[in-house]
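This report refers to the structure that appears directly beneath it.
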Amino acid sequence: MIDLPPYPPLDPSNYYLIVVGTGVSESVSAAAASSSGSSVLHLDPNPFYGSHFASLSLPDLTSFLHSNSVSPHPPPPSSPPILPSNSHELISVDLVHRSLYSSVEISSFDSEILEEHSRRFNVDLCGPRVVFCADESINLMLKSGANNYVEFKSIDASFVGDSSGELRNVPDSRAAIFKSKSLTLLEKNLLMKFFKLVQSQLAESDDTTTTTVKISEEDMESPFVDFLAKMRLPPNIKSIILYAIAMLDYDQDNMETCRHLLKTKEGIDRLALYIKSMGRFSNALGALIYPIYGQGELPQAFCRRAAVKGCIYVLRMPITALLLDKETGDYKGVRLASGQEIFSQKLILDPCINVGLESLSSLTDQQNETLRVLVPKAMINKEKIARGICVIRGSVKSDISNALIVYPPKSLFPEQLTAIRVLQLGSGVAVCPADMHVLYFSILCENDDQGIKALLSAMSNLIRLPVPESDSSVENDTCEAKPLLLWRALYVQELVKGEFGGTISSMPSADGSLNYKETVESAVKLYEQIMGSEELFKEEETSLENTTEENEGGVEIEEN
Amino acid sequence: MHGRPRKASKPEDEAASAAKAVKLRSLQSQFMTYHHEKIYTKEAIELSTKLLEINPEAYTAWNYRKLAVEDSLSRIGPDPNLVKPILDEELRVVENALKQNFKSYGAWHHRKWVLSKGHSSTGNELKLLDKFQKLDSRNFHAWNYRRFVVELTNRSEQDELQYTDDMINNNFSNYSAWHNRSVLLSSLLANRADGFMPEKRIPDEFEIVHQAIFTDPDDQSGWFYHLWLLDQTVNVESPLLTSSWPSHGSSVILSGAGCLNGPPSNVTTFCSETGSFPLILYFDQAVGGVSPLTVTIDSELKGNENLVWEPISNKSSQVSCVWVARLKYFSSQPCGSKDHKVKVRLGNSPGIVSSRGYNFSAPYEFVFTVHVQDTAEDSHSQESIVSWTDGFELWDAQSKDLNSLFTLDQLNNGIDLKWRQAAIDSEIECFRLLADSKIGKLTLARLLMASEAMTLDAAVKGVYYEEILQLYNDLMALDSSHHQYYKNEHSVAFLHKVTSSSESLSRHLFRYRDMNNLVCLRLNKLSLSRIASVEKLLFVQMLDLSHNELHSTEGLEAMQLLSCLNLSHNRIRSFSALDSLRHVKQLKVLDVSHNHIGKHSVDTTRYLCSSPLSNSDWSQDGVRGQNPGLVTKYWDAYFVLRDLNLKQLDIAGNEIADDEFSSFVLQVVPKLVWLNGQKPGN
């Protein structure tokens with residue numbers, strides 16, 4: 001697949017832990033294990049850090065998506081799946097690559113300009129994605145010291161959109177409610193009252209002596225959407241809270257299609273995350289921040305931290321096979337693409353690495369048990385995520401560069417079952433040239449067609465699609481103000497869950513949410529299972545010097 | 001920077017602060033030596049710098065630096081190149097001091113002083129302020145200084161208004177920003193700057209403050225701005241005459257001492273021993289400058305060429321809403337039963353100026369008729385006791401003379417009532433939505449009151465009073481900690497309601513048969529806690545306020561015709577609360593029985609010394625000379641009773657009312673005919 005430059009053999013060849021793939025979950029694990037003193041080897045088959053969380057130039061992104069998408073023809077039959085290892089006590093089991101992406105379609109509408117700037121793009125594979133200031137990922141960065149390697153900027157505003165094309169500000173704070181032009185006075189009153197109730201609910205847990213109004217147990221167990229109705233919140237505000245603040249995906253008013261009906265308790269937790277994010281860093285404008293140079297900076301920061309703590313890094317190095325003990329079936333090590341065999345006690349793998357089904361038949365039960373998590377499973381839950389990336393000239397909202405836009409379910413067309421999220425980023429976060437913006441779109445879907453259709457609908461709501469010259473006069477007037485599309489990628493990604501399998505564990509793919517909360521939480525849980533350690537980055541809690549440099553609008557995250 | 005709990009200091013902090021104190025003390029004593037010996041050497045100045053950096057509150061050091069600067073400036077001459085570095089150094093010291101404590105009065109003042117010298121560039125000042133206001137956007141020192149810099153740099157008020165916009169958008173819970181906004185707008189509106197017409201701008205401002213009040217009804221910063229806007233909407237700048245007695249078109253029978261016992265008449269009868277009657281002018285705001293120069297009186301009544309106009313106010317100031325002049329008439333002179341027309345003209349020459357500096361500008365005149373009658377020789381009624389239980393005849397509601405007692409407000413032809421009414425109406429509509437919160441109810445009640453005050457159309461006048469009273473009742477139940485305030489407002493609204501039409505007022509009006517058919521207003525048993533609408537009650541001669549919850553007689557001073565007053569069964573706690581009655585020269589009968597006088601010791605915190613007697617020269621005073629002990633003991637009673645001409649006083653049922661006090665009263669008021677229902681000495 002990849003032309004490998006000749007590699008000098010790795011030394012040492014024995015580690016406590018081998019991690020393959022440099023996505024967020026894998027990098028957190030590598031950093032945590034290194035800082036706890038374990039010897040770690042961190043490999044990635046790609047020439048860049050981040051795996052499915054990487055930020056790439058347009059050509060690199062294009063080739064990565066193509067090479068990782070479901071190929072129309074089966075991979076060439078490999079040599080016999082099970083080979084004897086160099087050592088006689090071991091057998092080797094070949095690994096197969098699992099493609100996470102499908103329906104990849106990339107179109108360029110102005111190749112000349114893009115060519116000129118092609119290296120000035122840092123485009124995320126896992127977009128749209130932001131970091132909540134009170135997100136667990138921030139806590140881990142602070143704890144591990146990875147925050148020294150990343151700098152963030154605020155997302156300037158968030159909006160709710162609908163089929164009319166109008167973008168309304170999300171009134172997510174006292175000041176935003178005050179300033180909002182789209183809410184009536186009474187709506188402002190009700191919404192602020194609700195926020196205050198949530199805040200007093202949060203304060204309650206800290207201080208039990210206060211006699212503030214508390215949400216009853218019964219209400220906490222009831223569906224969140226019912227609770228909002230009980231608070232007399234009108235539908236438009238309900239929708240803002242559910243989809244633009246709590247960031248839900250499924251239509252909470254439709255029992256048939258809703259895969260996840262949120263309880264009030266969970267809803268309050270989600271709002272709490274948002275509210276806590278708002279005030280966490282004094283130089284952040286709102287709840288959401290974005291890493292300068294793209295999301296790929298995040299896994300990379302953890303990797304740098306791991307390297308400082310002694311972790312060994314090798315990029316462009318796929319593993320081709322696993323080595324198991326012939327007798328006991330226990331995991332022993334991996335064979336690298338260079339042919340070298342490396343041994344470790346534990347192994348953490350990228351979700352793309354699987355064992356071919358044909359290999360399994362010839363293995364013993366113990367060996368099968370060891371490889372349990374690498375066996376491809378029939379997809380029971382057919383939930384996928386459709387993602388889209390657009391490069392545009394101009395901005396979807398004048399005078400605002402970095403913005404989040406949410407289209408609640410049914411807001412664009414009646415069959416829209418889940419919320420569509422859009423994130424616009426500009427040159428301020430160093431992801432594109434100055435006069436352009438990168439837009440990320442995503443929606444959860446059951447099949448590719450459904451997802452792509454929804455994405456296209458959101459795109460046409462925001463962007464002027466280049467039309468053939470002859471048709472251009474038809475609806476010239478309506479789309480005059482919209483920004484022009486220069487480049488577009490559409491793809492559908494599978495959602496793979498992480499799995500703990502004793503010595504070998506598989507990490508989750510990028511999930512469908514806007515932030516890293518669930519990704520990081522599940523990574524931490526898996527790591528604790530694998531390593532049996534109590535807490536990640538325990539010793540790192542030394543005092544962090546407060547480096548308060550003035551940088552233009554940058555958000556320096558610090559322990560406070 | 002509010003709501004930050006104070007932490008208990010740790011031992012090591014205390015040790016550090018003790019060490020700091022020692023260092024500070026030695027610095028300070030060294031500094032004082034320099035200061036006293038007027039040493040302004042480099043070394044001495046540096047010492048003061050050090051001192052101020054540690055303790056910016058050392059204002060003596062700031063003053064010393066001023067002297068030092070003056071000293072060095074006097075030696076170098078006027079060369080700006082030499083002056084500037086000296087002043088720049090001062091600015092630097094201030095900045096460092098402010099970093100230590102940005103609420104240091106001395107430091108901010110020093111900075112102002114340096115800048116007023118005029119040699120420093122002002123360009124950096126706003127930037128510095130931005131920095132401090134970022135630290136604490138509500139820091140009023142910074143806001144104060146900002147106004148100073150703005151004035152110095154001639155920055156436009158519009159720009160400053162935009163700045164308050166930004167600050168409020170950032171966090172609307174900012175009293176300073178709202179306040180600055182009101183200051184700027186007052187000026188812009190007064191000067192009618194570009195596009196700053198009140199009829200346009202005030203409604204826009206209401207819209208802005210709604211956003212704050214509705215978003216967070218508990219945040220008080222918006223309330224105050226709303227109150228200010230309401231004030232701007234309701235209040236007209238130039239003062240107006242609200243009412244007068246006698247009123248325009250009315251007739252008054254004047255007689256000398258003693259009373260007429262003729263048949264009930266439709267006309268007010270006024271008896272006086274002194275041969276003069278009060279002419280009362282009631283303005284809508286406190287004014288000064290009422291004098292024969294500004295008020296012209298044309299009449300045949302003799303001896304009124306140089307009238308003395310007296311402001312009726314508890315404060316000894318020369319501004320008041322109520323002004324009184326006593327016009328002479330001579331009933332003994334045989335002039336027959338002649339009618340005299342009296343014409344009063346105001347505003348023709350400037351001079352009547354409100355306390356806010358606006359001129360009474362709309363010329364106004366009114367005419368009334370006086371009928372001077374011969375005195376009847378029968379003086380029996382003088383001696384008879386006034387009973388509050390019988391002898392009253394209900395006013396004939398149909399009788400036309402009631403209207404003549406009533407005076408209409410001076411019409412404001414020049415005033416643009418239209419936008420004001422429209423603004424209030426839309427406010428009412430808006431705040432009905434917020435009627436589930438306390439501030440919503442209170443604001444609504446205030447708005448409805450404002451609307452009533454502006455309504456001229458008799459057909460819709462008074463429609464809101466029931467709702468207002470209900471709102472205040474709700475508020476009393478909801479918010480017990482401000483019960484008394486709501487109670488007072490309730491009383492005000494109730495009295496406005498009573499006086500809103502002649503029909504409603506006539507239900508409380510009577511004639512007191514036994515005494516010359518006095519006009520009597522009975523407002524008893526209404527749980528009133530405050531007196532209001534006095535401007536519409538100037539004609540009342542007998543007032544029954546018994547069985548209410550009054551704490552004081554404030555407001556009654558305007559009722560110059562009042563001769564009988566019943567305050568029994570109220571909550572008067574001391575004679576000081578009756579102080580305003582000292583202005584009511586006609587008062588003959590006073591009933592303050594069954595109050596709380598003497599139950600609580602007099603609140604002397606209002607005075608600088610324990611009693612006003614203790615530092616004044618009263619030794620010549622007769623009663624005091626006879627009985628200094630009692631005067632000191634009952635000084636508050638002494639002060640009030642001494643100035644009244646009472647014939648009948650009732651003080652029974654008060655803690656204070658014992659034999660000793662009774663005898664004291666008789667010493668102070670020797671002319672008293674009835675004390676507690678009995679003739680003294682009997």
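Residue numbers start from 1 in every chain, and the chains themselves are labelled A, B, ... in the order their sequence lines are given, proteins ahead of strands.
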Subject >> Check: Trp108(B) ring centroid to Phe140(B) ring centroid under 6.0 Å >> reply: no
Original post:
In residues 164-171 of chain B, which residues are in contact with chain A at a heavy-atom separation under 4.5 Å?
Top reply: Ile168(B), Asn169(B), Asn170(B), Asn171(B)
**OP:** State whether Phe195(A) and Arg174(A) meet the cation-pi test: NZ (Lys) or CZ (Arg) under 6.0 Å from the six-membered ring centroid, and within 45° of the perpendicular axis.
**Re:** no
Original post:
Are His226(B) and Phe431(B) near enough that their ring centres are under 6.0 Å apart?
Top reply: yes
**OP:** Pull out the residues in residues 199-216 of chain B that come under 4.5 Å of chain A, heavy atom to heavy atom, sorted by number.
**Re:** Ile208(B), His210(B), Gln211(B), Ala212(B), Phe214(B), Thr215(B), Asp216(B)
Original post:
Does a salt bridge link Arg111(B) with Glu125(B), judged by any charged N lying under 4.0 Å from a carboxylate O?
Top reply: yes
Original post:
Is the side chain of Lys188(A) donor-acceptor paired with the backbone N or O of Phe178(A) at a distance under 3.5 Å, no angle test?
Top reply: yes
Subject >> Side-chain donor-acceptor pair present, Asp479(B), Tyr486(B), cut-off under 3.5 Å >> reply: yes
**OP:** Quickly, which of Tyr175(B), Tyr163(B), Trp178(B) forms a ring pair (Phe, Tyr, Trp, His ring centres under 6.0 Å) with Trp143(B)? Name it, please.
**Re:** Tyr163(B)
Original post:
Does the distance from a Lys or Arg side-chain N to an Asp or Glu carboxylate O, for Asp162(A) and Arg168(A), drop under 4.0 Å?
Top reply: yes
Subject >> Salt bridge flag under 4.0 Å for residues Arg146(B) and Glu160(B) >> reply: yes
Original post:
Salt bridge check: are Arg432(B) and Glu467(B) linked by an N-O gap of less than 4.0 Å?
Top reply: yes
Original post:
Quick one: what part of Ser173(B) sits under 4.5 Å from any heavy atom of chain A, side chain, backbone, both or neither?
Top reply: both
